[in-house]
Amino acid sequence: MKLHQKSFILTGATSGMGRAIALDFAKEGANLILSGRDEERGKSLLAEIKANGGEACFLSGDVGDIQYNKKMVDLAISSFGQLDGLVTNAGMLGLGSVTELEPSDWDITFRTNVDSVFYLLKFALPEMLKRPSAAVVVNSSIAAYKSFPNHPAYCASKAALLALAKQTAVDYGPIVRVNTICPGPVDTPFIHASAIAFPDPAQAVANAGKATLLKRLGLPADISKLALFLASDDSSWITGSAFTIDGGILAAG
Ligand SMILES: NC(=O)c1ccc[n+]([C@@H]2O[C@H](COP(=O)([O-])OP(=O)(O)OC[C@H]3O[C@@H](n4cnc5c(N)ncnc54)[C@H](OP(=O)(O)O)[C@@H]3O)[C@@H](O)[C@H]2O)c1
C-alpha cells in the first residue's frame with residue numbers, strides 16, 4: 001500500500017475529485033481527515049471508507065475560516081499522532097466579469113481558493129516538518145494558464161496557487177514536497193456550475209469534452225491517480241512542479 005501508516009488532510013472531500021481521492025487514499029492505507037461543509041455527504045463518505053476497513057474522521061467546516069484549519073490539524077494529531085501530507089482541493093468559482101463582481105465576491109473566492117491553503121499550510125507545516133518526509137498536493141486548474149469568460153476571480157485565484165505551492169516547496173524542502181495539479185474539464189458538479197457562464201451551459205460542457213485531444217471529459221478517478229502518485233513516495237524526487245491533467249486541451253490550443 002502506497003500510503004500505509006501515513007496521515008493526510010484532504011479538503012473538498014465531500015464531492016467530485018475530493019471524494020475519489022479520499023477513496024483511493026484510504027484504499028492505499030492512508031489515515032484521513034476529511035473536510036467539507038455538507039455533513040450528510042461527509043458522513044456517507046466516512047461510512048464507505050470505514051466499511052472498506054479504512055481509517056478516517058470527517059470534520060465539517062468552511063476552509064476560509066482560519067480556526068477551522070487549525071482544528072483539522074489538531075484532529076489529525078489527536079487521532080493519528082502525526083501528519084504526513086495535505087491535499088488542498090476545496091474550491092469555488094466566483095463567477096462574473098470584473099465590472100459585475102462585487103469586491104465581496106472577489107474576497108470570498110480568494111478566501112476559499114487561496115487563503116485557505118495558506119491557513120492550512122501555516123498550521124500543518126510545523127507538524128509535517130516533524131516527519132522524515134511529507135507531501136502536499138494542491139489542486140489548481142488549467143484556469144491558471146487559460147482564460148474563461150467571466151471567470152477572472154477564479155482564474156486569478158488558481159494562478160496564485162501555483163506561486164504559493166512553488167514558494168512553499170522552496171521554503172520547506174527537503175522535508176516537505178509540494179506539487180500542483182492543474183485539471184482540465186472534469187465531470188463533477190463543479191463543471192456544470194462553471195458552464196452557467198456560457199450562453200448554452202449543457203452545450204458548453206459537451207464542447208469542453210470534445211475540445212480535448214482525448215475527446216472526453218476527465219473523470220474524478222483520472223485526477224485521484226495523479227494525486228496519489230504525487231502524495232506517495234513514487235514521486236519522491238518531484239517537488240515545486242505543476243502538472244496539467246487535461247486530456248490535452250491546453251496542447252490543442
Ligand atoms: N471540475 C472541473 O472541471 C475542475 C477543473 C479544474 C479544477 N477544478 C478544481 O478541483 C477542485 C475540486 O472540484 P470538483 O470539480 O471536484 O468540484 P465539486 O464536486 O463541486 O467539489 C467541490 C468541493 O469543495 C468543497 N468546498 C467548496 N467550498 C468550500 C468551503 N468554503 N469550505 C469547505 N469546503 C468547500 C465542497 O464541499 P461541500 O460541497 O461539502 O461544501 C466540495 O467537497 C476545485 O478546487 C476546483 O476548482 C475543477
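Treat the numbers as computed from the prediction; the structure is a model and nothing was measured. Order of listing sets the numbers, starting from 1, for every ligand and every atom in it.
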To the nearest 0.5 Å, what is the distance between CG on Leu101 and NE2 on His151? 11.0 Å
Leu32 side, atom CG; Leu46 side, atom CG - distance, nearest 0.5 Å: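 Taking CG in Leu32 and CG in Leu46, the distance rounds to 9.5 Å.
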Option among Val117, Thr239, Val136, Val178 that satisfies the side-chain contact (heavy atoms from CB on, under 4.5 Å) test with Thr168: Val178
Residue of the set Leu34, Leu10, Val87 for which side-chain contact (heavy atoms from CB on, under 4.5 Å) holds with Phe25: Val87
Below 4.0 Å from ligand 1: does a non-hydrogen atom of [X] turn up there or not?
X: Gly184; result: yes
X: Tyr154; result: yes
X: Ala208; result: no
X: Cys182; result: no
X: Gly64; result: no
X: Thr11; result: no

Does the side chain of [X] reach to within under 4.5 Å of the side chain of [Y], using non-hydrogen atoms?
X: Tyr172; Y: Leu129; value: yes
X: Lys225; Y: Phe229; value: no
X: Pro183; Y: Asn139; value: yes
X: Asp222; Y: Met17; value: no
X: Met128; Y: Leu86; value: yes

Check step by step if salt bridge (Lys or Arg N to Asp or Glu O under 4.0 Å) holds for Asp74 and Lys71. CA-CA 5 Å; Asp74 289 347; Lys71 281 185 196 158; over 6 Å; no
Indicate yes or no: does an N/O atom of [X] lie under 3.5 Å from an N/O atom of ligand 1?
X: Arg37; answer: yes
X: Ser141; answer: no
X: Gly12; answer: yes
X: Val63; answer: yes
X: Met17; answer: yes
X: Val186; answer: yes

For [atom], find the nearest protein heavy atom and state the residue, atom name and distance (0.1 Å precision).
atom: atom 6 (C) of ligand 1; value: Pro183 O, 3.2 Å
atom: atom 15 (O) of ligand 1; value: Thr188 OG1, 2.5 Å
atom: atom 10 (O) of ligand 1; value: Asn139 ND2, 3.1 Å
atom: atom 17 (O) of ligand 1; value: Phe190 CB, 3.1 Å
atom: atom 7 (C) of ligand 1; value: Ser140 O, 3.2 Å
atom: atom 12 (C) of ligand 1; value: Asn89 OD1, 3.2 Å
atom: atom 18 (P) of ligand 1; value: Ser15 OG, 3.5 Å
atom: atom 22 (C) of ligand 1; value: Gly91 O, 4.4 Å

Enumerated ligand 1 atoms positioned under 4.0 Å from heavy atoms of [X]:
X: Gly16; value: 16 (O), 19 (O)
X: Gly61; value: 32 (N), 33 (C)
X: Pro189; value: 19 (O)
X: Pro185; value: 3 (O)
X: Arg41; value: 39 (O)
X: Gly36; value: 40 (O)

Can you see which heavy atom on Cys182 is nearest to which on Ile142, and at what distance? O-CG2, 3.6 Å
Looking only at heavy atoms, which two atoms of Leu75 and Cys57 are closest? And how far apart?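 Distance-wise, the nearest heavy atoms are CD2-CB, 3.9 Å.
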Checking contacts here: is it the side chain or the backbone of [X] that comes within 4.0 Å of ligand 1, counting heavy atoms only? Could be both or neither.
X: Ser194; result: neither
X: Thr14; result: both
X: Lys158; result: side chain
X: Asp62; result: both
X: Ala90; result: both

Do Tyr145 and Thr244 have side-chain atoms, one donor and one acceptor, less than 3.5 Å apart? no
Flag if over 12 foreign heavy atoms under 6.0 Å of CD, Glu100: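 More than 12 within 6.0 Å, yes.
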Please determine if Lys6 and Asp233 form a salt bridge, counting it only when a charged side-chain N lies under 4.0 Å from a carboxylate O. yes
With a distance cut-off below 6.0 Å to the six-membered ring centre and an angular limit of 45° from the axis, does Lys146 pair with Phe148 as a cation-pi contact? yes
Would you please indicate yes or no on a ring centroid separation below 6.0 angstrom for Tyr154 and Phe190? yes
